[in-house]
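In listed order, ligands and their atoms are each counted from 1. Each residue takes its place number in the sequence, starting with 1. Computed from a prediction, not measured in an experiment: that's the story for all the values here.
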Amino acid sequence: MKFTHTTRSLKGELTVPGDKSISHRAVMFGSLAEGTTEITHFLRGADCLSTIDCFRKMGVEIQEFQDRILVHGKGLHGLHAPASILDCGNSGTTTRLISGILAGQAFSSELTGDASIQKRPMGRIITPLLQMGASVESLRGNGCVPLRIQGRSLKGIHYQSPVASAQVKSCVLLAGLYSDGVTSVTEPALSRNHTELMLSYFGARVTAEGTTASIAPDPVLCGASVKVPGDISSAAYFLAAALMVPGSEVLLRNVGINPTRDGILRVIRSMGGQVDILNETTAGGEPTADLLVHSSSLHGTVIEGSLIPTLIDEIPVLAVLAAAAEGTTVIRNAEELKVKESNRLDLMVDSLSRMGADIEGTVDGMIIRGGRPLHGTVIDSHLDHRIAMSFAVASLTADGETDITNAECVNISYPAFYEDLAGLML
Ligand code: S3P
């Protein structure tokens, strides 16, 4: 897809699609609950549709309407063996969270996914699941999917996770639903806590203190109404675009601002960017607000440490923003980016430097000396939705033509992304 822009402003307002992490969890936990779960503002992106497909294969009736999804839960012990292999598509969240659930079932199952998911590390969930007594096998012996999981009853453990990953934490907590005692996970830094919030909203006994979350086994989960907030990871592209393009002012309505996800807002502030937080409210434990963003003159910053998990998916577009800022931005402790849908560290460094940015990769991040003009070129998205959207934003200030290959991969998390971006351009 080709993007040629003369500089123009972005103006108007937008409601971004529902949060991907929360949409996945609402389908999963609704499936394990008694009664019906109604989900509004559900993200109909390919990843969340993979989750729906997997639970349908295990006997859960899920109805899709224009404005809501109804999940008719089977209870904690009501899933049945899938007749075929579970296909998680491109979705790490589906793969890792469902593995925790499958480990405790009274049946065996297999799961796989697309070429990208087949390369992503599953050892990080296999290790704690084996400690809980689960039977999980990487069928190719490479620590990746396809996995075969023979469900059994599990034992509660305390797991000291080597990575700050909500997917790992959630996998272990979900397996904890099927264990014989309390299960807890301590992370090196706090990752997104949607699992803890939503499981307790559904009736599980979950406690959280610092970077440790614990769950008691065998709760009765009750179906509930879930209003999914707009995804801050999707809002991020418009925040960056409006900050960068002079004369812009954009109102993003109903965006989730959970403190385990709002690192981008803190970074924008530290760069001198102006985002007003309006109409704050909370639903199901998840805070949301309208975000009014104004184009701003930006300077470099440092992004590191416990901030990283709170903005992990936003780092590609933050790199674009840093290239537009004056001065140097340093990103550290972000090695997790190498094992996302693509190697996002290498791809951002390579592609932004081909556009003319002064950017250098480091072992665990990058150094960006901002302020150089960008030039359009061919950008290979590597089928990674966040790379495609980040370079659509970069193209807004680049001269010439930016040609993003397989740009339609935005379907994973934001099917209407290009239309929504075009709708704000003056
Ligand atoms: C997610 C957690 C993050 C994030 C991913 C969604 C989740 O992954 O990158 O897009 O829904 O739990 P990690 O937990 O592996 O960091």
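Of the protein's non-hydrogen atoms, the one nearest atom 15 (O) of ligand 1 is Ser165 OG, 3.2 Å. Scanning all protein heavy atoms for the shortest distance to atom 1 (C) of ligand 1 gives Gln167 NE2, 3.5 Å. Atom 4 (C) of ligand 1 has as its closest protein heavy atom Asp313 OD2, 3.3 Å. Protein heavy atom closest to atom 11 (O) of ligand 1, with residue, atom name and distance, is Ser21 OG, 2.7 Å.
For His77 and Tyr178, the gap between ring centers is short of 6.0 Å. Centroid-to-centroid, the aromatic rings of Tyr418 and Phe3 come within less than 6.0 Å. Ring centroid separation for the pair Phe42 and Phe65 does not come in under the 6.0 Å cut-off.
A donor-acceptor pair under 3.5 Å is formed between the side chain of Asn333 and the backbone N or O of Gly305.
Using a 4.0 Å cut-off between heavy atoms, His194 makes no contact with ligand 1 at all. The side chain of Arg192, and not its backbone, has at least one atom closer than 4.0 Å to an atom of ligand 1 (non-hydrogen atoms only; side chain from C-beta on).
Considering backbone and side-chain N/O of Leu97, none are found under 3.5 Å from N/O of ligand 1.
In the vicinity of Ile312, heavy-atom distances shorter than 4.0 Å reach the ligand 1 atoms 9 (O).
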request  = Starting from the C-alpha separation in whole Å, work towards a yes-or-no answer on salt bridge (Lys or Arg N to Asp or Glu O under 4.0 Å) for Arg56 and Glu64.
outcome  = CA-CA 12 Å; Arg56 280 187 176 143; Glu64 294 178 61; 3.1 Å; yes
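Salt bridge annotation for Lys338-Asp346: absent, with no cationic side-chain nitrogen under 4.0 angstrom from a carboxylate oxygen.
Remark: distances from the non-hydrogen atoms of Lys340 to ligand 1 include one below 4.0 Å. Residue contacts with ligand 1: Arg25 is included, with a non-hydrogen atom under 4.0 Å away.
Screening Thr310, Asp313, Asn193, Asp19 for a side-chain hydrogen bond (donor to acceptor under 3.5 Å, both in side chains) involving Arg261 leaves a single residue, Asp19.
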